[in-house]
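Everything below concerns the one structure shown next.
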There are 2 protein chains.
Amino acid sequence: MLTLEQVAALAGVSRSTVSRVVNGDPRVSDAARERVEQVIREHHYVPNALARGLASRRTRIIGLLVARSVGVVLTDPFFADVIQGAVSVGNDAGYSVTILMETGDSADIADRIYQRFIRSRHVDGVVIVSSAVEEPILDRLIEDQFPFVLIGRHPNKVVDFVDVDNRAAARDGVAHLLEHGYRRIGIINGPPDLIVAVDRYTGYERALQEAGYRPDPSLSVNSDFTRSGGYRAMTQMLAENANPPDAMFVTGDVMALGVLQALHDQGIRVPEDIAVMGFDGLEETLVSTPVLSTIHQPIREIGATSVGTLIELLEHPDRSPIERYLPHYVQKRRSCGCGMSVVTGSASLPGEHGRS
Amino acid sequence: MLTLEQVAALAGVSRSTVSRVVNGDPRVSDAARERVEQVIREHHYVPNALARGLASRRTRIIGLLVARSVGVVLTDPFFADVIQGAVSVGNDAGYSVTILMETGDSADIADRIYQRFIRSRHVDGVVIVSSAVEEPILDRLIEDQFPFVLIGRHPNKVVDFVDVDNRAAARDGVAHLLEHGYRRIGIINGPPDLIVAVDRYTGYERALQEAGYRPDPSLSVNSDFTRSGGYRAMTQMLAENANPPDAMFVTGDVMALGVLQALHDQGIRVPEDIAVMGFDGLEETLVSTPVLSTIHQPIREIGATSVGTLIELLEHPDRSPIERYLPHYVQKRRSCGCGMSVVTGSASLPGEHGRS
DNA sequence: TTGTAGGCGTTATCAA
DNA sequence: TTGATAACGCCTACAA
């Protein structure tokens, strides 16, 4: 394994010159550059990332931190999309993106990750996905002045974040259900300690209030954003309610698919008996039965933008926090009661079949 | 951000002593150790990973390399399980495990990963998942003497690997279909350049031959291990075959779920009209309709064992290659024609509902 | 345009 | 048991 020093010797120049060539510094003569590049090519020289990082005080690695168990993260298509957007933008800017993973219970996880990757300076900055209102790691990051960007706004800290306006989005979705004439609209939401869950509930509440209704607590359940969680929540709500809802707002598409399944298993027709509105705009909702109406958010772009924002932050450390809101829209399909099965606007139908 | 040097100053000892404390070297007096630990705790000192790596020539990071697009990897439950096993064992041994991700077309990907992570010494070793027969990266790893472990045997290189005996497993599964009396048994397989696909085909062929039959080429299709791929492959086989199969061997459970869907959409009953045998033993097959019979392989253990093997290799660089085969078994459920819907043996049914 | 020299924060090798 | 003192491989002024 060659070192920069050896390359310099072989090319008959100094270390600095090789370093300049490697880093694209223009202050090198064509002749010298050529000789160095020649040697690099011949010997497959690749600079040692650790030495580089130690000297330059940056690793060009960005961490993606999801304070959930590895299993959940890796299977949920939402995270898959976020990650893809993140990796793509990172790579283009010369950064590697790595998922910060640890095993153990979730309280521990954040702690261990903090030690292992952040304080040890393994990554230059982190993108934090789906944080809770009380996220102890945030305070530490701020205290250590460690660069980070949140996916999802924070209610009471001034930090960089990328998000959709979850309150407005939820309000729009529920308003659409109201336009259809539904009046008993239930909600199946994520864990109540997550900011997105709070925001989406607020939007739901607001839409109802604007129409002169008020939420019925017996039609409100918190779940966990998983398919099985949605299934259980819906089943439970039906079992415990003599007076069932005529429409459901489900704050995540994966959960919504579980809800559709639960309704199907109970012999309840969608949308005739109960309408359903999801949230996310995942591709797999196009092949559900019936096709799921949902509030679309640009997930890949969220991942991409968050990394983009972090890179800006890394390269201009003392600029003030940026808040970016990305657009959402209601995808009116079958499950809300709309007649059409074709999507308006952006969503395309790739060669995807066979989902239930 | 404290350095080791500053800790030494605060504790009134030399850098070496601090280093020893940090690394658990016993050759430190209790008094000194105590003082140092005190300072470390008070100031939240964490050693700099880069400096450490540079000096010790190891990062304690293990890379997980899947030569596929990020999207596929992150959504497929097979990889999710492998990764979980890998992270768990790695963490326990003091290693971090990171997924090596790059965007771009797959030929490029391996190349870029090689530069960015391996030659630059960002990781101590790699686990390679699902490699093709022709995997140029293998030759380079061997040439560079870079430590790696394969998940899946290699037909003509002597390397460390962890695998199940895919030929025997496939043979066992198809033999079971034959026991049911099926005679026209088709196969939907993965990409033909993957070693696992070749091996599973061999097993399929062998079972038929042992029973005195020979494979019908019109009942053999290569697909891509995805659900939609399975759906398309099954649909196509039915369309192009006047004489349909009475059973299908599908070499991946995710594909098999697509196959079930395709059969359902065609109004074909499983197992009455066509039986189906999958491969993998994924949890989601427990909630398919009908419950999928499948050849179970211990996926998490495969991930775990591969990292374990790699760590051994890292710590004993010149031991000779180890080949580990993990056990498989046929999970006889409904879709192969077995009457029972309960699994024999290991598979448990966690609180999982609502899958279709 | 090029080279020199110091430093990045550890580990590792010797002496003491 | 402890402490100097080199590495480790690169970057970055600064000087030439």
Side-chain angles (χ1 to χ4, degrees), chain A residues 1-37 39-40 43-61 94 115-124 315, chain B residues 1-37 39-40 43-61 94 115-124 315:
Chain A
M1 196 96 315
L2 230 50
T3 71
L4 184 149
E5 176 123 32
Q6 301 175 43
V7 172
L10 287 167
V13 297
S14 73
R15 294 184 304 189
S16 330
T17 302
V18 178
S19 175
R20 288 190 191 101
V21 171
V22 167
N23 294 294
D25 190 315
R27 303 173 304 175
V28 183
S29 68
D30 289 351
R33 179 182 305 281
E34 196 128 328
R35 283 211 307 288
V36 172
E37 282 176 343
V39 174
I40 289 179
H43 297 75
H44 302 300
Y45 167 73
V46 178
N48 179 306
L50 271 55
R52 224 177 186 178
L54 183 57
S56 65
R57 313 171 130 288
R58 42 189 269 162
T59 62
R60 298 194 77 86
I61 297 181
Q115 297 290 323
R116 198 193 284 263
F117 296 100
I118 296 179
R119 297 232 26 159
S120 73
R121 298 282 152 185
H122 235 115
V123 296
D124 288 344
E315 293 176 356
Chain B
M1 196 98 311
L2 228 49
T3 71
L4 185 151
E5 175 124 35
Q6 301 174 39
V7 172
L10 287 166
V13 296
S14 73
R15 293 186 303 194
S16 321
T17 301
V18 178
S19 176
R20 290 192 188 97
V21 171
V22 167
N23 293 293
D25 189 317
R27 304 174 303 176
V28 183
S29 68
D30 289 350
R33 180 183 306 283
E34 196 129 327
R35 282 212 307 288
V36 171
E37 282 176 342
V39 173
I40 289 179
H43 297 74
H44 302 300
Y45 166 74
V46 178
N48 179 306
L50 271 55
R52 225 177 183 180
L54 183 58
S56 67
R57 313 173 128 290
R58 43 190 269 163
T59 61
R60 299 194 76 87
I61 297 181
Q115 298 289 324
R116 198 194 284 264
F117 296 100
I118 296 178
R119 297 235 25 159
S120 72
R121 299 281 152 183
H122 233 116
V123 296
D124 288 345
E315 294 177 354

Name of the residue among B/Val7, B/Thr3, B/Leu2 meeting side-chain contact (heavy atoms from CB on, under 4.5 Å) with B/Glu5:
B/Thr3
If you check the A/Leu54 side chain, which of C/dT13, C/dG9, D/dC10 turns out closest?
C/dG9
Can you tell me the distance, in whole Å, between the CD atom of B/Glu34 and the P atom of D/dT2?
13 Å
Let me know the distance between CD of A/Gln6 and P of D/dG9, rounded to the nearest Å.
8 Å
With a 4.5 Å cut-off on side-chain heavy atoms, are B/His43 and B/Leu10 touching?
yes
Separation of A/Leu2 atom CG from D/dC8 atom P, in whole Å?
14 Å
I want to verify a distance call: between C/dC8, D/dC10, C/dT11, whose nearest atom is closest to the A/Tyr45 side chain?
D/dC10
Just to confirm, is there a sub-4.0 Å distance from OP1 or OP2 of D/dT12 to any side-chain nitrogen or oxygen of A/Ser19?
no
If I take atom CG in residue A/Asp25 and atom P in nucleotide D/dT12, what distance separates them, rounded to the nearest angstrom?
10 Å
From CZ of B/Arg20 over to C1' of D/dG3, roughly how many Å is that when rounded to an integer?
8 Å
Which nucleotide wins on minimum distance to the side chain of B/Leu4, given the candidates C/dG9, C/dT10, D/dG3?
C/dT10
Any sub-3.5 Å donor-acceptor pair from A/Thr59's side-chain atoms to A/Gly53's backbone N or O?
no
For a quick check of understanding: with a heavy-atom distance under 4.0 Å over all strands, which category does B/Arg27 fall into, base, sugar-phosphate or nothing?
base
What is the separation between atom CD on A/Glu5 and atom P on D/dC11, rounded to the nearest whole Å?
13 Å
Residue pair B/Leu50 / A/Arg121: nearest heavy atoms and the distance that separates them:
CD1-O, 3.6 Å
Side-chain donor/acceptor of A/Arg35 to backbone N/O of A/Ala11, under 3.5 Å:
yes
Residue pair B/Ala32/A/Val22 against DNA chain D: nearer the 5' end by closest nucleotide is B/Ala32
Of all the nucleotides listed (C/dA5, C/dG3, D/dT2), which has the minimum atom distance to the side chain of A/Arg15?
C/dA5
Name the nucleic acid region contacted by A/Arg57, choosing base, sugar-phosphate or nothing; use a 4.0 angstrom heavy-atom cut-off, strictly under.
sugar-phosphate
Nearest 0.5 angstrom please: B/His122 NE2 to B/Arg116 CZ, how far?
10.0 Å
When the axes are fitted on five pairs at both termini, how much does the helix from C/dT1-D/dA16 to C/dA16-D/dT1 curve, in 10° steps?
30°
Would you say A/Glu34 has more than 12 foreign heavy atoms packed within less than 6.0 Å of its CD?
no
Nucleotide nearest A/Ser56 (side chain, heavy atoms from C-beta), chosen from C/dT10, D/dC11, C/dG3:
D/dC11
Should the side chain of B/Ser29 and the base of D/dT2 be counted as holding a donor-acceptor pair, with the cut-off at 3.5 Å?
no
Side chain B/Ser16 and base D/dA4 donor-acceptor under 3.5 Å:
yes
Going by atom types only, do A/Arg52 and A/Asn23 share a side-chain donor-acceptor pair under 3.5 Å?
yes
Quick check for you: among D/dG9, C/dT11, C/dG3, whose closest atom lies nearest to any side-chain atom of B/Asn23?
C/dT11
Can you tell me which nucleotide in C/dT10, D/dC10, D/dA13 comes closest to the side chain of A/Asn48?
D/dC10
A/Val28 side chain: which of C/dT11, C/dT2, C/dC14 is closest?
C/dT2
Would you say a side-chain N or O of A/Thr3 is under 4.0 Å from OP1 or OP2 of D/dC8?
no
